[in-house]
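Below is one structure; the comments refer to it alone.
What's counted below: heavy atoms across the whole structure, side chains too, no hydrogens, waters or symmetry copies.
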Amino acid sequence: MGKRVAVILAGCGVYDGSEIHESSAVLVHLSREGAQAEVYAPDVDQMHVVDHVKGQPTQEKRNVLVESARIARGNIKDLAKLDVKGLDALIIPGGFGVAKNLSTWATQGKNCVISKEVEDVLKAFHAAKKPIGLCCISPVLAAKIFPGCELTVGHDTECEKWPYAKTAETMKELGCKHVNKHVTEVHVDVKNKLVTTSAFMCNAPIHEIYDGIGKMVKEVVRLA
């Protein structure tokens, strides 16, 4: 039997949900590793809905679980039903939904609150010593919950290639060790069984982002 890996989504679309290419890459690489993905999302309203053509919020309302089901091809469960006992690992792709729907990082940064459901799941996997894979902005969840952990969101010096590098500085302020890594690399925190990679935190070609996520998935499955 292949490993059973929970994947938590935060909606559908980079600016208000899960980043679709990252989510797809996670699912493709899990399949390649012979692992079985079980997709979950919280049954809550999105913080807001963004028109992805204009990059502007709209008056529309959408549900995180309903939107995430688009990526999961309908094969998805309410996050409230996740039982860590039957699962071997956890992966959370990035996208602004992580910072808006799974937490309040987008508006409050290091003073954010993590959704209780999401926090409980992360703590349960951590307590069970089961690996957790995080990419793009989702390592901020671990930064908030596991003080002193080691993570990467890419580089900590802002430039055209690394437009979100200030995130690394904020994570350091939370007491984490940030490790600079290229987009095709991962960092493994052996003690906490955390595997992180920068994905779209880097202004990089999409195949490099895909390759970095592949290394993260491979390491998570190996640790499971």
Legend entry - L194 with W105, same ILVMFWY side-chain cluster at under 4.5 Å: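 Yes.
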Inset, instruction - Check whether V28 and I206 end up in the same hydrophobic cluster, where Ile, Leu, Val, Met, Phe, Trp and Tyr are linked by side-chain heavy atoms less than 4.5 Å apart. - result: no
Inset, instruction - Please work out whether the ring planes of H155 and W162 are parallel, tilted or perpendicular, with thresholds of 30° and 60°. - result: parallel
Legend entry - Pair K116-E119, salt bridge (charged side-chain N to carboxylate O under 4.0 Å, His left out): steps then yes or no: CA-CA 5 Å; K116 186 176 185 309; E119 183 169 350; over 6 Å; no
Under a 4.5 Å cut-off applied to non-hydrogen side-chain atoms, are [X] and [Y] in contact?
X: L87; Y: L82; value: yes
X: E60; Y: Q46; value: no
X: C12; Y: I20; value: yes
X: I8; Y: L102; value: yes
X: K181; Y: S198; value: no
X: I71; Y: S18; value: yes

Inset, instruction - Assert yes or no for the condition that the ring centre distance of F146 to H126 is strictly below 6.0 Å. - result: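 Between F146 and H126, the centre distance is under 6.0 Å.
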Legend entry - Qualifying residue, where the test is side chain to side chain contact (heavy atoms under 4.5 Å, CB included) with L65 and the options are V44, I76, L79: I76
Legend entry - Nearest heavy-atom neighbours spanning F200 and Y164: O-CE1, 3.9 Å
